[in-house]
Visitor: 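Can you keep this structure in mind? I'll have questions shortly.
Remember, predicted model here, so these are calculated numbers, not experimental data. Order of the sequence lines sets the chain letters (A, B, ...), proteins ahead of strands, with each chain counted from 1.
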Amino acid sequence: MRQVTTHNSRIAWRRFDCSKSPLHLEATLRTGQSFRWCRDANGVWWGTIESVGVALWQPDGEPYGDLYWQTFPEPDLWEVVEDYLQLRTDLESLYCRWSFAEPRLAEVFRAFAGLRVLRQPPEECLFAFLCATTNTVTKIERSVRYLAERYGARICTGLDKPATLFAFPSVSALSAADERDLRAGLWGYRAPFVIKTAQKLLQKPQGWLRALRDVPYAEAHEALLEFPGVGPKVADCVCLFALDKWEAVPVDRHIYRLGVRLFLPHFEGRSLTPRLYKAVAEAFRERFGPMAGWAQQTLFYAEAGLYRRPDKESSRQRRF
DNA sequence: GATGGACCTCC
DNA sequence: GAGGTCCAT
């Protein structure tokens, strides 16, 4: 029997068997797709999905082991958790396909088995990535947390730990935010993006953003470009992480470097222009197919060195 | 189309 | 410089 009681005995944990559907919880929550998950001293991840508070725990390094979970204040909302973590998506056949298409990367895909693309609430995802430009993951996390704690509603867990969870603010709350306040709250020059994007969103029909899940990728991508502070990369992040566009490939400097090095060596040394952005994204889609965005996410994790390797080698050392 | 600079702030 | 975007040449 595992140490189920040691990580937090006061939580009425539920258990999900990942043996047929791997989940690498730490990599999934720390790949820079979502920025509000916090890990407490017991190793429990705390976060929110819409207005639901969530606790997650998994033994380290066991993506095929058990996932422990619970929701707050209403308990046992498995559908919410399963949907967010996309646990019904079969990864094993994907790894086979990707490794066949690109044998040089087979080892990487296996090393990070269970790293999943999340299915996030679209609004939170859009606003979070508005602050991702020229920024660091740590600072993005603090910026998004600031928005939630300043403008969001408190979620009650009924436990004394964690101290507090906050739902992501409503669009109308953000549209009325004070620019100086946001600037001071780590948003800097991105502050007006938040307010203007919120105001623009308010003018759309109810549920407009979420409804982009049902339109083709190209259409959703183009629609997102209307918003101030949203360029091709941010639009692709929202498409992939919140709008079910699994062929979307966000090309940041890391993915660009990797893509040019492995797939388009004749572009080596050239800067990332819109044309080359598209070329790299297309190269991913040609190799990895309609779920190229999932492959991109694993390769981003490896290339950006976000993970801590068990040995003492530098996390930046490349293995491919 | 491609290139250059500005933009908040923290490490 | 950091997981870009915008505006000017």
Visitor: Mark up nucleotides 3-11 of chain B, 5' to 3', with B wherever a protein heavy atom is under 4.0 angstrom from a base atom, S wherever such an atom reaches only the sugar-phosphate, and - elsewhere.
Guide: S---BBBS-
Visitor: Describe the nucleic acid contact of Pro232(A) in one word from base, sugar-phosphate, nothing, applying a heavy-atom distance below 4.0 Å.
Guide: sugar-phosphate
Visitor: Is Val137(A) touching bases, backbone alone, or none of the nucleic acid, heavy atoms closer than 4.0 Å?
Guide: base
Visitor: Look at the rings of Tyr84(A) and Trp37(A) and say which category their plane angle falls in: under 30° parallel, 30 to 60° tilted, over 60° perpendicular.
Guide: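 Plane angle between 30° and 60°, so tilted.
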Visitor: Classify the nucleic acid contact of Thr31(A) as base, sugar-phosphate or nothing, counting any heavy atom under 4.0 Å across all strands shown.
Guide: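 Base, at least one base heavy atom under 4.0 Å.
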Visitor: Write down the distance between CG (Leu126(A)) and P (dG3(C)), rounded to a whole number of angstrom.
Guide: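 Value for this atom pair: 20 Å.
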Visitor: Counting a pair only when it is Watson-Crick or G-U and both distances are under 3.5 Å, which runs of at least 3 such pairs involve DNA chain B?
Guide: B:2-7 with C:4-9
Visitor: Considering non-hydrogen atoms only, spot the tightest contact between Pro63(A) and Cys18(A) and give its length.
Guide: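 That closest heavy-atom pairing would be O-CB, 3.5 Å.
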Visitor: Tell me the interatomic distance from Phe267(A), atom CZ, to dA2(B), atom C1', rounded to whole angstroms.
Guide: 13 Å
Visitor: Classify the ring geometry of Tyr68(A) against Trp13(A): parallel below 30°, tilted from 30° to 60°, perpendicular beyond 60°.
Guide: perpendicular
Visitor: State, with a plain yes or no, whether a side-chain heavy atom of Thr31(A) is found less than 4.5 Å away from one of Phe300(A).
Guide: yes
Visitor: Salt bridge (charged side-chain N to carboxylate O under 4.0 Å, His left out): which pairs involve residues 188-203 of chain A, sequence neighbours left out?
Guide: none
Visitor: Between Asp40(A) and Asn42(A), which heavy-atom pair has the shortest distance, and what is it?
Guide: OD1-N, 2.8 Å
Visitor: Determine whether the aromatic ring centres of Phe284(A) and Phe263(A) lie less than 6.0 Å apart.
Guide: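 They qualify: ring centres under 6.0 Å apart.
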Visitor: Describe the nucleic acid contact of Phe300(A) in one word from base, sugar-phosphate, nothing, applying a heavy-atom distance below 4.0 Å.
Guide: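 Answer is base: heavy atoms of Phe300(A) come under 4.0 Å of a base.
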Visitor: Of Val230(A) and Arg253(A), whose closest DNA chain C nucleotide lies nearer the 5' terminus?
Guide: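 Nearest-nucleotide comparison on DNA chain C picks Arg253(A).
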Visitor: What integer number of Å spans the P atoms of dC7(C) and dC8(B)?
Guide: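 That atom pair is separated by 14 Å.
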Visitor: In whole Å, measure the gap between the P atoms of dG3(C) and dT3(B) for me.
Guide: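 About 23 Å, rounded to a whole number of Å.
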Visitor: Looking at every strand, decide which applies to Gly229(A) at a 4.0 Å heavy-atom threshold: base, sugar-phosphate, or nothing.
Guide: sugar-phosphate
Visitor: Which heavy atom of Pro73(A) sits nearest a heavy atom of Ile155(A), and at what distance?
Guide: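 So the minimum-distance heavy-atom pair works out to CD-CG2, 4.1 Å.
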